[in-house]
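First comes the structure, then the notes that go with it.
Start at 1 and go down the list; that is how both ligands and their atoms are numbered. Computed from heavy atoms alone, side chains included, the values below leave out hydrogens, waters and symmetry copies.
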Amino acid sequence: MFDLFQKKQKLDPNLKAGDRHYRAFIGPPDKYDLVSAMQFNLLTKYGLREKHKLLDIGCGSLRGGRLFIIYLLENKYYGVEPEKWLVDDGIYHELGNQIIKRKKPKFLYTESFDFAAFNTHFDFALAQSIFTHASASQIHTCLENLSYVSNDNFKFLASFIEGDENYEGDEWVYPRCVTYQFEYLNDIVNTYGFVCHKLDEHHPNNHTWLLIEKKV
Ligand SMILES: C[S@@+](CC[C@H](N)C(=O)[O-])C[C@H]1O[C@@H](n2cnc3c(N)ncnc32)[C@H](O)[C@@H]1O
């Protein structure tokens, strides 16, 4: 049994970010554990408790989700992801069906940021390494749709790569990353009734974290 488990967990050392493996497609495979822990630590630091409803935008292979699903109460974790195979592999390799049955996370397989399809409102949202690949029009859609499904004390943590250039294309870029200026994202955020703070938080891939809240 132990040997079998070890075999399943063994990772090809040649895998690199973007390769079609659940631990590689979403980022550097050797940092999978670290980026899991960072997401969990950050959200709990900014107030996530087990009673809250969390929307994990672009949840991938549940790198963060594997910790959030266990921590949150039943029916509180919602993941959005266009690549269903990533969620399936994350469940198979990291969580198992017993946990899914017990915690009842919900998933939506879409690239249209159609959060209203969950038919609920959220206390927290997370976009870890989503604005690092998204076009400005996708970021607009994401924030507009969040404005319809967020509770009053809503907190949204989003990472991006700060640069001198703002990505001007219309397409999702992957696995390459795009950059934005803070002021540019701040203007988008403000358009949908939110305010934005740049956080002084370490990120293992040198992203910058934003805390986005409702304007009061
Ligand atoms: C760099 S990975 C990050 C995954 C996850 N947030 C994490 O940190 O573990 C980016 C993820 O966004 C997903 N994605 C691509 N287009 C998307 C869209 N339009 N809406 C939501 N997620 C998208 C990708 O399939 C991928 O799983």
Side-chain angles (χ1 to χ4, degrees), residues 11 15-44 48 54-71 77-95 105-118 122 124-146 148-149 156-161 167 169-180 188 201-210 212:
L11 206 58
L15 276 176
K16 53 186 189 322
D19 285 353
R20 206 178 163 82
H21 179 284
Y22 82 97
R23 278 191 172 222
F25 189 79
I26 54 159
D30 59 326
K31 291 188 193 158
Y32 191 88
D33 60 333
L34 193 58
V35 178
S36 291
M38 172 200 56
Q39 295 180 66
F40 186 74
N41 288 340
L42 188 78
L43 266 79
T44 51
L48 181 74
L54 169 64
L55 176 65
D56 192 354
I57 302 166
C59 63
S61 60
L62 308 180
R63 181 163 56 173
R66 65 187 180 144
L67 303 183
F68 292 122
I69 289 168
I70 288 172
Y71 171 73
Y77 177 89
Y78 293 73
V80 176
E81 172 57 52
E83 303 278 348
K84 183 174 182 299
W85 69 272
L86 280 175
V87 175
D88 292 345
D89 279 12
I91 290 173
Y92 180 77
H93 292 286
E94 303 293 339
L95 280 166
K106 313 280 181 265
F107 296 102
L108 187 66
Y109 303 107
T110 178
E111 57 180 20
S112 62
F113 301 97
D114 181 19
F115 312 134
F118 281 127
F122 298 96
F124 276 80
L126 170 67
Q128 142 54 35
S129 197
I130 302 304
F131 294 176
T132 51
H133 304 281
S135 67
S137 82
Q138 288 177 312
I139 296 174
H140 272 276
T141 307
C142 178
L143 284 156
E144 180 177 1
N145 292 352
L146 280 176
Y148 304 135
V149 298
F156 175 31
L157 287 128
S159 76
F160 78 108
I161 297 177
Y167 168 54
D170 293 325
E171 303 293 321
W172 174 263
V173 173
Y174 208 69
R176 206 165 51 75
C177 290
V178 300
T179 65
Y180 290 103
I188 300 180
E201 297 287 352
H202 173 73
H203 190 293
N205 300 327
N206 294 322
H207 300 184
T208 298
W209 278 107
L210 297 176
I212 297 168

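Tested against His133, the residues Tyr174, Tyr167, Tyr180 include a single ring pair (Phe, Tyr, Trp, His ring centres under 6.0 Å) partner, Tyr174.
For atom 19 (N) of ligand 1, the closest heavy atom belonging to the protein is Glu111 O, 3.1 Å. Looking only at heavy atoms of the protein, atom 17 (C) of ligand 1 is closest to Pro82 CG, 3.5 Å. At the top of the distance list for atom 14 (N) of ligand 1, counting protein heavy atoms only, stands Trp172 CZ2, 3.5 Å. Counting protein heavy atoms only, atom 2 (S) of ligand 1 is closest to Tyr174 OH, 3.4 Å.
Taking Lys106 as the reference, Asn75, Tyr78, Lys104, Phe118 meet the side-chain contact (heavy atoms from CB on, under 4.5 Å) condition, with sequence neighbours excluded. For the side-chain contact (heavy atoms from CB on, under 4.5 Å) test, residues two or more places apart in sequence or in another chain that qualify with Thr208 are Phe160, Glu162, Lys198.
Contact atoms of ligand 1 toward Arg63: 7 (C), 8 (O), 9 (O) (distance under 4.0 Å to a heavy atom of the residue). Counting atoms of ligand 1 from 1 in the listed order, those under 4.0 Å from a heavy atom of Gly60 are 27 (O). Under a 4.0 Å criterion applied to the non-hydrogen atoms of Glu83, ligand 1 contributes the atoms 25 (O). Every atom of ligand 1 is numbered from 1 in the order shown, and the set under 4.0 Å from a heavy atom of Gly58 is 4 (C), 5 (C), 6 (N), 11 (C), 12 (O), 21 (C), 22 (N). Near Leu86, the atoms of ligand 1 lying under 4.0 angstrom from a non-hydrogen atom of the residue are 27 (O). Near Phe113, meaning under 4.0 Å from one of its heavy atoms, ligand 1 places the atoms 18 (C), 19 (N), 20 (N).
Residue contacts with ligand 1, taken as heavy atom pairs separated by less than 4.0 Å, involve Ser129 via backbone and side-chain atoms alike. Counting heavy atoms closer than 4.0 Å to ligand 1, residue Thr132 contributes nothing at all. For Ile130, every heavy-atom contact with ligand 1 shorter than 4.0 Å involves the side chain, none the backbone.
A donor-acceptor pair under 3.5 Å is formed between the side chain of Asn145 and the backbone N or O of Phe113.
Considering backbone and side-chain atoms together, Ile57 places no N or O closer than 3.5 Å to any N or O of ligand 1. Looking at Gln128 next to ligand 1, an N or O pair under 3.5 Å apart turns up. Between Glu81 and ligand 1, at least one pair of N/O atoms sits closer than 3.5 Å.
Smallest separation of non-hydrogen atoms from Gln138 and Glu171: OE1-C, 4.3 Å. Here the closest non-hydrogen pair linking Ser36 and Leu67 is O-CD1, 3.7 Å. The heavy-atom pair separating Ile130 from Trp172 by the smallest distance is O-CZ3, 3.6 Å.
In this structure, a donor-acceptor pair under 3.5 Å is present between the side chains of Ser61 and Tyr32.
Taking the six-membered ring where tryptophan is involved, the planes of Phe25 and Trp85 are perpendicular, since the angle between them exceeds 60° and thus also 30°. Between Phe107 and Tyr109, the ring planes lie parallel to each other; the angle is under 30°, not in the 30° to 60° tilted range. Relative ring orientation between Tyr71 and Phe40 is described as perpendicular, the plane-to-plane angle rising above 60° on a 0-90° scale split at 30° and 60°.
Residue contacts with ligand 1 leave out Gly27, since none of its heavy atoms falls under 4.0 Å from the ligand.
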